[in-house]
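Right, one structure below, let's go through it.
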Amino acid sequence: MILQALLEETRSSLASHGVEEASLEADLLLMKAVGLNRSRLYSSPERPVTLEEREALGQDLARRLGGEPWPYICGYREFYGLNMAVSPGVFIPRPETELLVELALELARSLPSDRPIRIADVGTGSGAIAISLAAHLPQAVVYATDVSTRAIETARHNCQRHRLEGRVIVLEGNLLEPVPEAVDIVVSNSPYVPRAEIPHLPREVRFEPREALDGGLDGLEVVRSLIPQALAKLRRGGGLVVEISPTQRTEVCVLAGTMLPQGSFSLVKDLAGRERALLARVD
Ligand code: SAM
Ligand code: GLN
């Protein structure tokens with residue numbers, strides 16, 4: 001068989017299983033199986049495909065048709081322009097979470113420049129937020145915590161790949177409990193899906209670890225525990241940035257209103273115009 005024929009076969013197989021971007025995904029599957037970039041793939045349609053390559057493609061295609069997210073199959077996801085290794089058992093970083101990085105960077109740049117910055121990323125998963133912040137703030141030390149051993153291992157691996165293991169300190173444990181000192185910024189994309197909604201999430205999302213999604217009965221249990229811990233750990237002038245679901249903006253406002261001083265917090269919208277982050281400053 002030649003590349004062109006295998007590409008067409010893969011495309012129609014994906015399309016007949018209802019995969020929306022069948023053409024794009026077929027390209028990605030082929031590129032991985034035969035080890036070519038896209039322009040080489042298209043400039044060599046007559047190239048014969050080996051049996052091993054066909055088998056490798058067959059295995060990946062079966063996983064994809066079973067609904068497994070593509071980043072688990074290819075082993076990585078781009079986040080804030082950086083390549084993050086991911087695998088089953090670890091949450092796949094989302095583009096909307098880049099807003100948290102932007103907000104934390106703004107906070108960091110508003111701090112006095114005469115002392116080193118300390119940041120905590122709570123529920124770090126692959127380490128995506130912690131690593132992006134450390135990469136953009138050469139003067140910062142970032143503590144990254146998670147309760148999942150798989151996440152901790154992956155975050156450490158990603159720190160090494162980006163040569164940031166000296167400034168991103170990955171610690172296993174609950175919320176801010178493992179963080180050994182006061183910090184200037186607490187940032188967190190922690191679980192916020194109401195428990196009863198988990199069975200109704202899209203099939204792909206249900207491949208992700210439950211402890212990455214489960215925000216308890218109302219979806220707010222993690223942030224409810226995090227706010228008092230953050231207030232106890234934040235230095236004066238620092239801030240808290242937490243990802244929220246736009247569908248919970250009213251409940252988040254009520255919660256923040258009872259736990260944070262009046263006027264100290266706001267909700268920030270994402271590029272789609274939906275409230276996506278709770279931002280609070282502490283004096
Ligand atoms: N921050 C990463 C990102 O944006 O890609 C991962 C986000 S994922 C939605 C939430 C993460 O929080 C998971 O890795 C999960 O294991 C972790 N987690 C859940 N409960 C936690 C807790 N009590 N303390 C620390 N981490 C927790
Ligand atoms: N964004 C996730 C989703 O797709 C939820 C992430 C979270 O709970 N922090 O449902």
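In listed order, ligands and their atoms are each counted from 1.
Of all the atoms in ligand 1, the ones that sit under 4.0 Å from a non-hydrogen atom of G173 are 24 (N), 25 (C). Atoms of ligand 1 found under 4.0 Å from any heavy atom of G125 (numbered from 1 in listed order, with element): 6 (C), 14 (O). Numbered from 1 in the order shown, with element, the atoms of ligand 1 that lie under 4.0 Å from a heavy atom of N174 read 22 (C), 23 (N), 24 (N). Listed by number with element, the atoms of ligand 1 under 4.0 Å from a non-hydrogen atom of G123 are 1 (N), 2 (C), 6 (C), 7 (C), 11 (C), 12 (O), 17 (C), 26 (N). Using a 4.0 Å cut-off to heavy atoms of S148, the atoms of ligand 1 that qualify are 16 (O).
The pair D214-R195 meets the salt-bridge criterion, with a side-chain N (NZ, NE, NH1 or NH2) lying under 4.0 Å from an Asp/Glu carboxylate O. Between E25 and R64, at least one side-chain nitrogen of the basic residue sits less than 4.0 Å from a carboxylate oxygen of the acidic one, meeting the salt-bridge criterion. Of the charged side-chain nitrogens involved, at least one lies within less than 4.0 Å of a carboxylate oxygen, so that R47 and E53 count as a salt-bridged pair. Salt bridge annotation for R94-E208: present, with a cationic side-chain nitrogen under 4.0 angstrom from a carboxylate oxygen.
Scanning the protein heavy atoms around atom 24 (N) of ligand 1, the nearest turns out to be L175 N, 2.8 Å. From the protein, the heavy atom lying nearest to atom 9 (C) of ligand 1 is A212 O, 3.0 Å. Summary of contacts: the protein heavy atom closest to atom 3 (C) of ligand 1 is N189 ND2, 3.8 Å. Remark: minimum distance from atom 18 (N) of ligand 1 to any protein heavy atom is reached at V147 CG2, 3.7 Å. For atom 16 (O) of ligand 1, the closest heavy atom belonging to the protein is D146 OD1, 2.6 Å. Among all protein heavy atoms, the one lying closest to atom 2 (C) of ligand 1 is T124 O, 3.3 Å. In terms of protein heavy atoms, atom 19 (C) of ligand 1 is closest to E211 O, 3.2 Å.
Contacts between T97 and ligand 1 below 4.0 angstrom, taking non-hydrogen atoms only, involve the side chain exclusively.
Under a 4.0 Å heavy-atom criterion, P191 is in contact with ligand 1.
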One pair per line, please: each N/O atom of ligand 2 matched with every protein N/O atom under 3.5 Å away, atom names first, then the distance to 0.1 Å.
| from | atom 1 | to | atom 2 | distance (Å) |
| --- | --- | --- | --- | --- |
| ligand 2 | 4 (O) | R94 | NH2 | 3.3 |
| ligand 2 | 8 (O) | Y192 | N | 3.0 |
| ligand 2 | 9 (N) | N189 | OD1 | 2.8 |
| ligand 2 | 9 (N) | S190 | O | 2.9 |

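The two residues S13 and H17 make their nearest non-hydrogen contact at O-ND1, 2.9 Å.
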